[in-house]
> 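Below is the structure I would like to discuss, written out as structure tokens.
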2 protein chains.
Amino acid sequence: MADSPRERYRTQVRAEIKERAWEQIATAGASALSLNAIAKAMGMSGPALYRYFAGRDELITELIGDAYRSLADAFRATADESGGAEERAAALAHTLRRWSLKDPQRYLLIYGTPVPGYHAPDDITAIAAEIMAVLLEVCAGLPYPAPAGPFDEHLETHRPWAEDHPAPAPVLHRALTFWTRLHGLLSLEVAGHFTGMGFDPGLLFAAEVDALLAG
Amino acid sequence: MADSPRERYRTQVRAEIKERAWEQIATAGASALSLNAIAKAMGMSGPALYRYFAGRDELITELIGDAYRSLADAFRATADESGGAEERAAALAHTLRRWSLKDPQRYLLIYGTPVPGYHAPDDITAIAAEIMAVLLEVCAGLPYPAPAGPFDEHLETHRPWAEDHPAPAPVLHRALTFWTRLHGLLSLEVAGHFTGMGFDPGLLFAAEVDALLAG
DNA sequence: GCATTCAGTGATAGCCTCTCACTCACGCTT
DNA sequence: AAGCGTGAGTGAGAGGCTATCACTGAATGC
């Protein structure tokens, strides 16, 4: 905590390591991230980095945390814009898409293939919950239909993820579909599964947002 | 082509390599796939595998092809079941979910994070198109609304992916949303983003299928 | 029966992560 | 101002990986 010169240097080097890591990830993907290569790019020898991060995993975990933080901030800022609930929900969708396409590898770091044994630490799941809370907050302002179908019923009693939000089941349901549908679009788009199909993913995205707000 | 003993042996060894590869992938993910480890498990030395596969990439590419093939076959079989279009569409969704959850890593091999430079070879994109064709075929039997919205309009003239299928735009649109919505659900579920949220992903999936067939 | 083909080997190069013993400079304390 | 301790950075090295190469030895086909 002391702002000694050493501390300042340390945090600065840590920041530069992360910066280089993002560059590598953006061009070659997270799986190709190499501590050695980062060190070489910074003009140091490989083992030096272990002064700053316990290992490759810790670095990646921290990058994941930063990515979540960035998305959560973007969501928060968008939700705080003025406008009706519909506008803000649409803006949220737009923010999500822009954020995803701006740096696809960052998106994939969060929503791509996880390492089988990996369990996200609590501070990361907390940010994920924060994102969900913003989404829920905006969805709560939307007009909603009466509960219908077994899933709405199920949600009445299975809602620990929305613990402190008093929204009725249809609102929770919409927040979930909002999340899953847009994520389906984006993960396919980012992974390149639309390339060569010949349609404009942006228009499909817009159509899904419309359906979400209408439904 | 000759069914000489050597050929038989060769194809058998190739098959065993793939089998071991799937085991490794199922437990540790594709990123941890190691030719060396496979060789060791088979009682041979590392370089021996290079007689059968040009390298790690070729092996993985072939596994991806097999995964696609497996999904395409499952789709084809489901679509060929008797029943109305709605039933068959619902069955397709169910097949997709079962196929995905049966071996999550196989699902992720296809729909997870791609290697940035990777371009799928033609025989793989052909299978992907085959899958889409089955989906389209079933969706064509569903009652559909009049074209509405800019995306339907866009689809009228941007449909190279459905080249030889004369379905009208709303049918194409539904096939796409079918695909993207279910994929959103499944990729989140498979990647573990629902764990800890406390609701039943199966019910949400069912609700989405209902919405898809109603909409 | 003999030449050929081909599976499998060990050695090797070049990556990687990560540990360890060591050096040496910086900055805090006296 | 002087010196001492902390900690940044080093090279060496263990152990993993992909991939290439020259070589051996056995099975195959003529």
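Atoms considered below: every heavy atom in the structure, side chains included; atoms not considered: hydrogens, waters and symmetry mates. First the proteins, then the strands, lettered A, B, ... as listed; each starts at 1.
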> Might you work through the side chain to side chain contact (heavy atoms under 4.5 Å, CB included) test for A:E208 and B:R181, ending with a clear yes or no?
CA-CA 9 Å; A:E208 280 295 82; B:R181 288 184 191 178; 2.8 Å; yes
> Rounded to whole angstroms, how far apart are CZ on B:R14 and P on C:dC6?
15 Å
> Measure all distances between protein nitrogen or oxygen atoms and nitrogen or oxygen atoms of nucleotides 1-7 of chain D, and list the pairs falling under 3.5 Å.
{"unit_1": "D:dT6", "atom_1": "O2", "unit_2": "A:R6", "atom_2": "NH1", "d": "3.1"}
{"unit_1": "D:dT6", "atom_1": "O2", "unit_2": "A:R6", "atom_2": "NH2", "d": "3.2"}

> Starting at the 5' end of DNA chain D and moving along, which residue's nearest nucleotide shows up first, B:A37 or A:M44?
A:M44
> Any side-chain N or O of A:N36 less than 4.0 Å from the OP1 or OP2 oxygen of C:dT17?
yes
> Take the protein atom CD of A:E7 and the nucleotide atom P of C:dG27, then report the distance between them rounded to whole Å.
13 Å
> Which heavy atom in A:A93 sits nearest to a heavy atom in A:V209, and how many Å separate them?
CB-CG2, 3.6 Å
> Just compare D:dG9, C:dG8, D:dT20 and give me whichever is closest to any side-chain atom of B:Y9.
C:dG8
> Rounded off to whole Å, could you give me the OH-to-P distance for the B:Y50 and D:dC17 pair?
11 Å
> From C-beta outward on A:S45, which listed nucleotide comes closest to its side chain: C:dC16, C:dG10, D:dG11?
D:dG11
> Flag the pair A:W99 / A:Y111 as yes when their ring centroid distance falls below 6.0 Å, and as no otherwise.
no
> Just checking A:Y107 against A:H183, ring centres under 6.0 Å apart?
yes
> Within this structure, what is the CZ-to-P distance between A:F53 and C:dC18, rounded to whole angstrom?
13 Å
> Tell me the interatomic distance from A:L49, atom CG, to D:dG9, atom P, rounded to whole angstroms.
9 Å
> Could you state the atom-to-atom distance from CZ of A:R8 to C1' of C:dC26 in whole Å?
15 Å
> For the pair B:R76 and B:E137, find out whether any cationic side-chain nitrogen is under 4.0 Å from an anionic carboxylate oxygen.
yes
> Near DNA chain D, counting only heavy atoms under 4.0 Å, which residues of residues 20-28 of chain B show up?
none
> So, do A:H154 and B:F199 have ring centers that fall under 6.0 Å from each other?
no
> Return the nearest nucleotide to the side chain of B:Y52; candidates are C:dA7, C:dT19, D:dA8.
C:dA7
> How many angstroms lie between atom CD1 of B:I25 and atom CG of B:L63, to the nearest 0.5 angstrom?
5.0 Å
> Using a strict threshold of under 4.0 Å (side-chain N to carboxylate O), is an ion pair present between B:E189 and B:R97?
yes
> Before accepting this row, confirm whether a basic side-chain N of the pair A:E62/A:K18 lies closer than 4.0 Å to the acidic partner's carboxylate O.
yes
> Rounded to the nearest angstrom, tell me the gap between atom CG in B:L35 and atom C1' in D:dG16.
13 Å
> Do B:E19 and B:R14 meet the salt-bridge criterion of a basic N to acidic O distance under 4.0 Å?
no
> Can you tell me which nucleotide in C:dT9, D:dT20, C:dT17 comes closest to the side chain of A:S34?
C:dT17
> Quickly work out the B:R56 CZ to C:dC15 P distance and round it to whole Å.
18 Å
> On DNA chain C, check which nucleotide each of A:K40 and A:P47 is closest to and give me the residue with the more 5' one.
A:K40
